[in-house]
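Worksheet: the structure to be examined is printed underneath.
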Amino acid sequence: MAKFYVTTAIDYSNGEPHLGHALEKIGADCIARYRRLAGDDVHFLMGMDEHSQSVIQAAASAQLSPQAWVDRMAATFADYWRRLYCSHDDWIRTTEPRHARAVTALLERIRARHPDDLFEAEYEGLYCTGCEEFKTGAQIVNGHCIEHPTLELIPTKERNHFFRLSAYRDAVLERIRSGSFAVEPEIRRNEVVRLLEAGLQDISISRQRQPWGIPFPGDAQQTVYVWFDALINYLSATGFPDPGYERLWPADLHVIGKGITRFHCVIWPAMLLAAELAPPRRVWAHGYVQWSGAKMSKTAGTAVSLGEAIDYHGADALRYYLLRDVGFANDGDFTWERFDARYIADLANTFGNLVSRALTMIQSYRGGTVPRASQGRATPLDDAAREAAVAYRRAMDGYRLEDGAAQWMDLAGRANRYIEETAPWKLAKAGKDAELDQVLASLARTVAQLAVLGQPFVPTTAETVWSLFGPSPASPAPGPLVQVHLADVSGLDVAGRQVAKPPILFPKPRLTPA
RNA sequence: GGCGGCGUAGCUCAGCUGGUUAGAGCAGCGGAAUCAUAAUCCGCGGGUCGUCGGUUCGAGUCCGACCGCCGCUACCA
């Protein structure tokens, strides 16, 4: 069983999560669930980034200690991810001892193996407490950071510890070009490659007078710069530096937003190389959720409440809509109208109604028992299902989640057409039992397959549909959905199972009366 | 400023190395059917393929310029 260690970016503890956070977590969860389905031994990590100046400020304005504040934020985030059915195996917080230990160990390991890579120097510049970065050039407009126009940039001059990032340009570039370190989608890889080709400067990795952070090893006056600290979370969660961390490391996939590729695709692999540790195998940088083509903004009133979006049609529906319509590569729009359109046309009318009509016919024509087809085996629908599974797999293996979702939904559409083509109600009236058995059996198989393939997108709905196939004399319990392997999906046998009356999976919102 | 991407039917987008009447889904219109969540299925798309020019027997598909969006990056007031 192949190990698959997947991570999301850890979230800053300075505000409520929004749709953008949600897209990343949902996408990563979709991948994690898919890899489990494909038989991998998945380890899925999420967590919180809890150091930094902005946390101190947020805590102060809430009249809380930093620790009390981050505890509260962690609980808030975790609750949202629970509501979205995130299936993470571990949850790391950078204030945990295991993380501080790993950060210290990594720095000491770099110092031991490449002492020249860590040095002290003076740094001077404008510091944005929102980004926790020094800002230069076009990042500054009207004297403010473009990301945080309401915050003051702080002129800062201090003696810091530096990391010799410039020494690793060629090594990182070579790994990206050769593919041993994959940066995707392609547009992101090209950006990173150009960035590397342009050359790198050494970076400051410590801060003075920043009590809320991890002490810099060998220099009690300074703390580890929050970004340098944060990246290491992926390693901390493996148990590093204790023996056995290699069971998980290197990470197979870091899922991040397109705005932080520099840290993950340049600095992070360089840090690891300096410590003589393997860089991650792959980074996937997703796009952003937009509102009518513009960045979501609270001030412009275009920020959508995540809680509201979850409650609107349910978490499964939000997951499907975001992954199918907004997508996991490029930027995409969120609008309530588009959400409605996907929900009604796809989830309710195509998928939900398919399950409803297929199982209802098995109820009324076969007393609720899935018939065993006597003649032939593969119907045109079975053939279509097999092809869909192949295309689905190809899309999901390449992290093209929107394509995977489309393949899944298209199969449901194909099944609806199959019903029209075969018209089981006519077969029933005409007493063509063998043909009817074959059609109903094929439909049941396909619905079961849809439950399996739909898991990464609509986990609870998939579970519900799967559980509709009850015990049969030959096989008392259907067995958990999560134990079904993707390789077996085309050979699923539900003949003989007793099906329950199908519930309304995706109830349609009542239309507003005129 | 540099580098890169995008601009195709009302909406979201496919269109690989140039070649029959430019496609899909959604929405809309018409029809059929009745197992089903008034769901489904079938039929219907004359859209300057951003603009102009070029290469070619032939360009949405290559080249150039321009317009409009967008991304990354740069010690540009």
Side-chain angles (χ1 to χ4, degrees), chain A residues 123-126 134-143 146 155 183 185-201 257-263 265-266 285-288 290 292-295 313 321 324-327 329-335 337-366 395 400 402-403 405-407 409-410 412-429 436 439-440 443-444 447 461 501-511:
Chain A
Y123 193 89
E124 185 170 6
L126 291 170
F134 284 100
K135 293 291 172 180
T136 55
Q139 294 173 305
I140 300 173
V141 172
N142 297 326
I146 50 177
V183 178
E186 191 178 16
I187 180 162
R188 275 17 316 167
R189 178 174 67 241
N190 292 340
E191 284 176 4
V192 172
V193 166
R194 275 181 260 116
L195 182 75
L196 285 163
E197 287 171 343
L200 298 176
Q201 292 187 342
K258 68 178 185 180
I260 52 176
T261 51
R262 213 167 108 78
F263 293 97
C265 305
V266 177
H286 65 258
Y288 291 156
Q290 301 192 318
S292 300
K295 200 169 174 175
H313 290 309
Y321 166 62
R324 173 68 223 270
D325 215 77
V326 175
N330 300 316
D331 292 352
D333 272 352
F334 177 98
T335 70
E337 292 73 21
R338 295 176 62 82
F339 193 177
D340 280 338
R342 281 294 178 196
Y343 179 81
I344 294 171
D346 289 5
L347 293 173
N349 292 352
T350 301
F351 180 76
N353 187 47
L354 168 70
V355 174
S356 182
R357 64 198 303 212
L359 297 198
T360 298
M361 286 191 285
I362 292 172
Q363 290 271 321
S364 24
Y365 301 143
R366 288 297 178 265
R400 289 179 287 107
E402 48 270 71
D403 291 345
Q407 288 300 332
M409 189 54 66
D410 285 353
R414 180 66 189 85
N416 276 320
R417 262 172 274 132
Y418 178 71
I419 292 177
E420 298 299 327
E421 287 159 14
T422 56
W425 48 92
K426 287 183 184 168
L427 298 176
K429 269 180 198 155
L436 182 56
V439 167
L440 295 179
L443 278 171
V447 169
T461 302
K501 178 171 168 49
I504 303 297
L505 298 170
F506 295 102
K508 273 195 278 195
R510 184 165 296 172
L511 297 176

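Labels below follow one simple rule: chain letters A, B, ... track the order of the sequence lines, proteins then strands, and each chain is numbered from 1.
Annotation for A:E197: atom CD counts as buried by contact number, over 12 foreign heavy atoms lying within 6.0 Å.
Under the 3.5 Å distance criterion, the side-chain polar atoms of A:Y343 are matched with a main-chain donor or acceptor of A:P507.
Nucleic acid contact for A:L505: base, since at least one base atom lies under 4.0 Å from a heavy atom of the residue. The residue A:R194 sits close to a base: some heavy atom pair falls under 4.0 Å. Across all strands shown, A:I504 has heavy atoms under 4.0 Å from base atoms, whether or not it also approaches the sugar-phosphate. Heavy atoms of A:F506 sit under 4.0 angstrom from at least one base atom. No contact: A:A198 has no heavy atom under 4.0 Å from any strand. As judged by a 4.0 angstrom heavy-atom cut-off over every strand, A:R188 is placed among residues touching the sugar-phosphate backbone only.
At the phosphate of B:U40, OP1 or OP2 sits under 4.0 Å from a side-chain N or O atom of A:N349. Remark: A:K508 is in phosphate contact with B:A39, judged by side-chain N or O atoms under 4.0 Å from OP1 or OP2.
A salt bridge is absent between A:R417 and A:E420; no separation between the charged side-chain nitrogens and carboxylate oxygens falls under 4.0 Å. One finds a salt bridge joining A:R188 and A:E191 here, because a Lys/Arg side-chain nitrogen approaches an Asp/Glu carboxylate oxygen to under 4.0 Å.
Look at B:G23: its Watson-Crick or wobble partner, with both distances under 3.5 angstrom, is B:C13. Base pairing of B:G45: no nucleotide in any strand meets the Watson-Crick or G-U wobble criterion (both distances under 3.5 Å). Pairing for B:C6 is with B:G68, a Watson-Crick or G-U wobble pair whose two hydrogen-bonding atom distances lie under 3.5 Å. B:U40 is paired with B:A32 under the criterion used here, namely a Watson-Crick or G-U wobble arrangement in which both key atom distances are under 3.5 Å. Pair assignment for B:C62: B:G54, on the basis of Watson-Crick or G-U wobble contacts that are both within less than 3.5 Å.
For A:E191, taking side-chain heavy atoms from C-beta onward, the closest of the listed nucleotides B:C35, B:C72, B:U37 is B:C72.
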